[in-house]
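Scope of the values below: all heavy atoms of this structure, side chains included, with no hydrogens, waters or symmetry mates. Order of the sequence lines sets the chain letters (A, B, ...), proteins ahead of strands, with each chain counted from 1.
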There are 2 protein chains.
Amino acid sequence: MEKYKQFGFKLTPQRLAILNYFNGNKEHPSADDIYRAVSKSFPTMSFATVYNTLEALRNKGNVLELTIDPNKKRYDPNTMPHHHLICVKCKRIIDIHKEFSVSVSEDMTQGFDLIGNHIEFYGVCPKCKSIALS
Amino acid sequence: MEKYKQFGFKLTPQRLAILNYFNGNKEHPSADDIYRAVSKSFPTMSFATVYNTLEALRNKGNVLELTIDPNKKRYDPNTMPHHHLICVKCKRIIDIHKEFSVSVSEDMTQGFDLIGNHIEFYGVCPKCKSIALS
DNA sequence: CTCTTGACAAGAATAATTCTAATGTTATAA
DNA sequence: TTATAACATTAGAATTATTCTTGTCAAGAG
């Protein structure tokens, strides 16, 4: 049976391992993080598979690509609308689950159709604060 | 006279050209955009100079590095606090000058010290809307 | 004039990501 | 059961943005 037709997504062991790694993950991992984690159980895992899977998941709307980190893309398996708080030192990202009303008047949007928004909060995490002291 | 000591920044012709290109620029250009534009008047311009100048300006707080575009960094010479509206199709970025009150409660910040925030609005620009119709 | 400092240019090096081509897997149709 | 079609996987090459290295240059200080 084409059991994956429901998803349009074949559930291979590699993909399951990636999904499993994502499940409940709040770390906003990079492709490299995912590659390294999943390589433990699948030593032949390749980056192509990681990126292919990420793109498939992204098309299905099951993962978000974050452009928060200047060096690399991060991925967020939590697709509920939420915002992020980023440590400017270690780049750790935590979720902010709260609705903000940030309406913009027509004359500011210059004819754009608005789709959504995302707030990035910047700060220093407890760990980096304590390092700064020493 | 070390006329640049005021800035800690030597005003060379190349840098002036970059600053000139930035002046009043609302396009949020990439390093490549800058390189191409300034190359017209300085054919020997190198990327090293572009990136060095950008880093110097960034350290002086005269330019912001935007991590909005997944493919490359964009630079914003407008350092007044403001937000951005991004066309999800062509990646054009326009400024949103408005203050929003987006306060977050202590229990959401997990011990982070908050520094600031930045809102990204997503939408479709008029040009891309009209292309979509055809 | 000479020395020091910082800037410039060219290209090499790096890092993240995407692409390519060959091979492997699986589910169904014959 | 076997062949086939469709899709996944892999390794590595290619690409792209950025950073680094090295040698050269120019301006100002002494």
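The nearest whole Å value for the distance from the CZ atom in A:Phe42 to the P atom in D:dA8 is 16 Å. Atom pair A:Glu55:CD and D:dC7:P shows a separation of 15 Å (rounding to whole Å applied). In this structure, CG of B:Asp33 is placed 10 Å from P of D:dT18, rounded to the nearest angstrom. Between B:Arg74 atom CZ and D:dT18 atom P there is a gap of 11 Å when expressed in whole angstrom units. Computed from coordinates, the A:Tyr75 OH to C:dA16 P distance equals 12 Å when rounded to whole Å. One atom, CG of B:Leu11, and another, P of D:dA26, lie 18 Å apart when rounded to the nearest Å. For B:Asp69 and D:dA17, the CG to P distance is 10 Å, given to the nearest whole Å. Between the CD1 atom of A:Ile34 and the P atom of C:dA16 there is a distance of 13 Å, rounded to whole Å.
Backbone-only engagement by A:Thr12 is indicated by non-hydrogen atom pairs under 4.0 Å involving sugar-phosphate atoms exclusively. Backbone-only engagement by B:Asn71 is indicated by non-hydrogen atom pairs under 4.0 Å involving sugar-phosphate atoms exclusively.
Between B:Thr49 and C:dA9, a side-chain N or O to OP1/OP2 separation shorter than 4.0 Å is present. Between B:Tyr51 and D:dT19 there is no side-chain polar atom (N or O) within less than 4.0 angstrom of OP1 or OP2. Between A:Ser46 and D:dT9, a side-chain N or O to OP1/OP2 separation shorter than 4.0 Å is absent.
Aromatic ring pairs are classed by plane angle as parallel below 30°, tilted from 30° to 60° and perpendicular above 60°; the pair A:His118 and A:His84 is perpendicular.
The side chain of A:Thr44 lies closest to D:dT10 when the candidates are C:dT17, D:dT10, D:dC7. The side chain of A:Asn52 lies closest to D:dT10 when the candidates are C:dA16, D:dT10, D:dA17. For B:Met45, the side-chain atoms get nearest to C:dA9 when compared with the rest of D:dT9, C:dA9, C:dC19. Checking D:dT18, C:dA10, D:dT10 against the side-chain heavy atoms of B:Lys73 singles out D:dT18 as nearest. With D:dC20, D:dT10, C:dA16 as the choices, the nucleotide that has an atom nearest any side-chain atom of B:Ala48 turns out to be D:dC20.
Between B:Phe100 and B:Phe121, the gap from one ring centroid to the other is short of 6.0 Å.
When each of B:Pro13 and A:Phe47 is assigned the nucleotide of DNA chain C bearing its nearest heavy atom, the one mapping closer to the 5' terminus is B:Pro13.
Residues A:Ile68 and B:Leu114 do not share a hydrophobic cluster, clusters being chains of Ile/Leu/Val/Met/Phe/Trp/Tyr side chains in contact below 4.5 Å.
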Show your reasoning for whether salt bridge (charged side-chain N to carboxylate O under 4.0 Å, His left out) applies to A:Arg74 and A:Asp69.
CA-CA 7 Å; A:Arg74 304 277 210 104; A:Asp69 189 321; 3.3 Å; yes
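When the shell of 6.0 Å around NZ of B:Lys98 is examined, it contains more than 12 heavy atoms from other residues, nucleotides or ligands.
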